[in-house]
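Written out below as structure tokens is the structure these notes cover.
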Protein chains: 2
Amino acid sequence: MITLADVAKESHVSTMTVSRVLHHPEQVSDEVRQAVQQAISKLGYKPSRVGQALSQQRQFAIQFLILEDIQQVDPYYAKLLLYIADYLREQGYTLEISHDLTDHSSQVDGTFVSGARQQDLPLLTKSSDPIVSYGQLDQTIKYVDIDNFQGTYQMTHYLAKCGYQNLLYFGLDLNEAFAISREEGYLQAMTELNKMPTIFRIDNTEQTAANLIEQLIITDNSAIVAATDRIAIGALQQLLHLGIKIPADVGVTGFDGVFINQISLQHLTTVQQPLKKIAQSMVELLLGMIEKRPGKSTLIPPQLSIAQTTRALEEK
Amino acid sequence: MITLADVAKESHVSTMTVSRVLHHPEQVSDEVRQAVQQAISKLGYKPSRVGQALSQQRQFAIQFLILEDIQQVDPYYAKLLLYIADYLREQGYTLEISHDLTDHSSQVDGTFVSGARQQDLPLLTKSSDPIVSYGQLDQTIKYVDIDNFQGTYQMTHYLAKCGYQNLLYFGLDLNEAFAISREEGYLQAMTELNKMPTIFRIDNTEQTAANLIEQLIITDNSAIVAATDRIAIGALQQLLHLGIKIPADVGVTGFDGVFINQISLQHLTTVQQPLKKIAQSMVELLLGMIEKRPGKSTLIPPQLSIAQTTRALEEK
DNA sequence: GTGAAAGCGCTAACAC
DNA sequence: GTGTTAGCGCTTTCAC
């Protein structure tokens, strides 16, 4: 391993000078700086993170704590993780993944968390280093999330503009912040549209959505605002099975827009999670907190991804 | 932060004795050991990974290098990552994720890699620390993979036992080891069954599979062995669209068995990636290599996941 | 069975 | 502008 000392010897200066070239180059004379930089590239020197960590009492490591059950992990985590890893790397940080709350005492400068439940909160907040959650948790923990309310709100209005008259909400049977916000977005839009809301609450599976469709009489010119892509896909398949024309007779929209919306032959119109922006905000917020520049929880505006399960907009 | 020295002071011994209690407890007298252990739990001491790393020249960190394009990342990576993280943690290692080959010089004891291409190999092998690949790459890099050949081989035989006469292979238009092995598994089974193989090679998308179905005349009593779940889902949907009865008239099987197979209302019969076992083998192999106990590349036996797109087995 | 000293790679604080 | 010193937390080596 090439160390600072090697570079120092090669360029006939002290280790401190080399260290300064790396961190405070303006404090070093041009001449020396160039010599040192040459030595660095000649030897292929890379600073040891461990050495830095020890002397600075910082790890330059961030942890992503995934608290969901391993069977339930949504397919989009991989993408979110990669985006976060990329942003962190730009800032000189490493991303560790972890799946266990007891592990949280692990040695990192900060933690991202997702899928935490009420009972996890005490353990989470016990730690002194900064935490940012993906998704709203409670008042004490900063979070970044898609603007769930805006997602269903905008989608409901959009469906009305497409000319669908009867707008049904297929929501989640969950007492979680995101589920409630999505339902409220739909409700608010329906109020503004002067329409009677119709809300069903079911599990997040294709099958329960299909079962629900079977039990209902879905009239032409209806549209289904689903709280997730999985629900939307289940509804879509059952509607097609019943011979209903999508999107001509009935429209279907989902929520999330990662993978699942692209599985069906008719790609799903959906509210897209802007994962890249979410990742960026999460990194900014957490690194800010680490550097004592506290920021605020952020809701990222959703993006409607218009595909093949909704009609074209009506011309005025 | 609680350090070794704190524990040493608390229990009136030297830091070395505390260190020994942790790593070579048999070298310490019962009396002292118990006193030290009490002090450790009283103070809540956790060894600093950084301190250990620096003095042992080991990081206790493993990197997972995901070289796939971020848009292409398969949904099951999140699961694989979590399983690996869990196994590593049991062994006292941390998992970092990384998405950039230049980052590979990062400071870890070993690397898992997936999605590497030919052009990545030189950079990969340049590194001196051990590498284990998820999926076969070339002769020089150890890998763990599902036994792709066995997967399609067993599935093809299974379909024959279900009474399907005409077995078609919907393969991948890719010159990658896994794609070739899956095709060969089908071929071998067809040879043993004394049937003429029929192979199509397409992109890994639902749409191309659906298009292919449209162009073919699929007779009753056929079954489609697909190289991936996405291809299978595309074929399945188009067959249903054409009014063909699944699984009575035609059978469809996929490959991978993570998420996508459960999206359709009729869950897909598929060759399941045993991700948990794969993770375990990858961890064993890599940690073995790190500790100079070189192991061998491993093919994990696939598991057929029989669901609703294939008939019941014929009774003899 | 236990302790003292030295060193892993790096940098902040203080000399010069 | 540059070098010296000391110390971050831990373990290896060598004494005792």
Side-chain angles (χ1 to χ4, degrees), chain A residues 1-40 43-61 92-94 105-109 129 291-292, chain B residues 1-40 43-61 92-94 105-109 129 290-291:
Chain A
M1 169 170 226
I2 316 286
T3 71
L4 259 197
D6 298 328
V7 179
K9 193 182 292 179
E10 173 78 18
S11 42
H12 307 291
V13 295
S14 74
T15 59
M16 258 325 288
T17 303
V18 181
S19 174
R20 273 193 276 256
V21 168
L22 294 169
H23 299 287
H24 308 284
E26 73 286 357
Q27 297 179 8
V28 180
S29 71
D30 287 5
E31 204 180 353
V32 175
R33 177 152 31 83
Q34 290 181 12
V36 170
Q37 270 158 351
Q38 281 208 0
I40 287 178
L43 299 176
Y45 167 75
K46 298 267 166 137
S48 151
R49 256 176 42 215
V50 178
Q52 290 181 308
L54 192 58
S55 75
Q56 296 187 217
Q57 300 294 76
R58 284 253 234 118
Q59 324 291 301
F60 298 98
Y93 283 80
T94 266
S105 53
S106 145
Q107 324 209 347
V108 291
D109 302 318
D129 48 40
E291 287 155 16
K292 312 292 179 205
Chain B
M1 168 173 225
I2 316 287
T3 71
L4 258 196
D6 298 328
V7 179
K9 192 183 291 177
E10 173 78 19
S11 43
H12 307 291
V13 295
S14 73
T15 59
M16 258 325 292
T17 304
V18 181
S19 174
R20 273 193 276 255
V21 168
L22 294 169
H23 299 288
H24 309 283
E26 73 286 356
Q27 297 178 11
V28 181
S29 70
D30 286 4
E31 204 180 352
V32 174
R33 177 153 29 84
Q34 289 181 14
V36 170
Q37 271 158 350
Q38 281 208 1
I40 287 177
L43 299 176
Y45 167 74
K46 298 267 167 135
S48 150
R49 257 176 42 215
V50 178
Q52 290 181 304
L54 191 59
S55 72
Q56 296 186 217
Q57 301 291 77
R58 284 251 234 118
Q59 322 292 299
F60 297 98
Y93 283 80
T94 266
S105 54
S106 146
Q107 324 209 347
V108 291
D109 302 318
D129 48 40
I290 289 172
E291 288 155 16

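As the structure is a computational prediction, the values presented were derived from the model and not from experiment.
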Would you say [N] has OP1 or OP2 under 4.0 Å from some side-chain N or O of [X]?
X       : N     : answer
B:Gln57 : C:dG9 : yes
A:Thr17 : D:dG1 : no
B:Gln52 : C:dC8 : no
A:Ser14 : D:dG3 : yes

>> Please classify the nucleic acid contact of B:Val28 as base, sugar-phosphate, or nothing, using heavy-atom distances under 4.0 Å.
In response: sugar-phosphate
Atom-pair distance ([atom1] on [X]; [atom2] on [N]), nearest Å:
X        : N      : atom1 : atom2 : answer
A:Asp6   : C:dC8  : CG    : C1'   : 13 Å
A:Leu54  : D:dT11 : CG    : P     : 12 Å
B:His12  : C:dT2  : NE2   : P     : 15 Å
A:Phe60  : C:dT11 : CZ    : P     : 9 Å
B:Arg49  : D:dT11 : CZ    : P     : 14 Å
A:Gln107 : D:dC10 : CD    : C1'   : 12 Å
A:Tyr45  : C:dG9  : OH    : C1'   : 7 Å
A:Gln34  : D:dT2  : CD    : P     : 12 Å

Which nucleotide, [options], lies nearest any side-chain atom of [X]?
X       : options               : value
A:His23 : C:dT11, C:dC10, C:dG1 : C:dT11
A:Gln56 : C:dC10, C:dT11, D:dG3 : C:dT11
B:Ser55 : D:dG3, D:dG7, D:dG9   : D:dG9
A:Ser19 : D:dC10, C:dT11, D:dG9 : C:dT11

> Donor-acceptor pair under 3.5 Å: do we get one between B:Arg20's side chain and the base of C:dG3?
Replying inline: yes
>> Counting C-beta onward and ignoring hydrogens, is there a side-chain heavy-atom pair between B:Leu22 and B:Ile40 closer than 4.5 Å?
In response: yes
> Taking side chain as C-beta onward, heavy atoms only, is B:Val28 less than 4.5 Å from B:Val13?
Replying inline: no
> Considering heavy-atom distances to DNA chain C, does B:Glu26 or A:Thr15 have its closest nucleotide positioned more toward the 5' end?
Replying inline: B:Glu26
> Toward the 5' end of DNA chain C, which comes first, B:Gln27 or A:Thr3, by nearest nucleotide?
Replying inline: B:Gln27
> Ion pair present between B:Asp30 and B:Arg33, side-chain N to carboxylate O less than 4.0 angstrom?
Replying inline: yes
> Under the side-chain contact (heavy atoms from CB on, under 4.5 Å) criterion, do A:Val18 and A:Thr15 qualify, and how do the steps go?
Replying inline: CA-CA 5 Å; A:Val18 181; A:Thr15 59; 5.5 Å; no
> So which heavy atom on A:Asp109 is nearest to which on A:Tyr93, and how close?
Replying inline: OD2-CE2, 3.6 Å
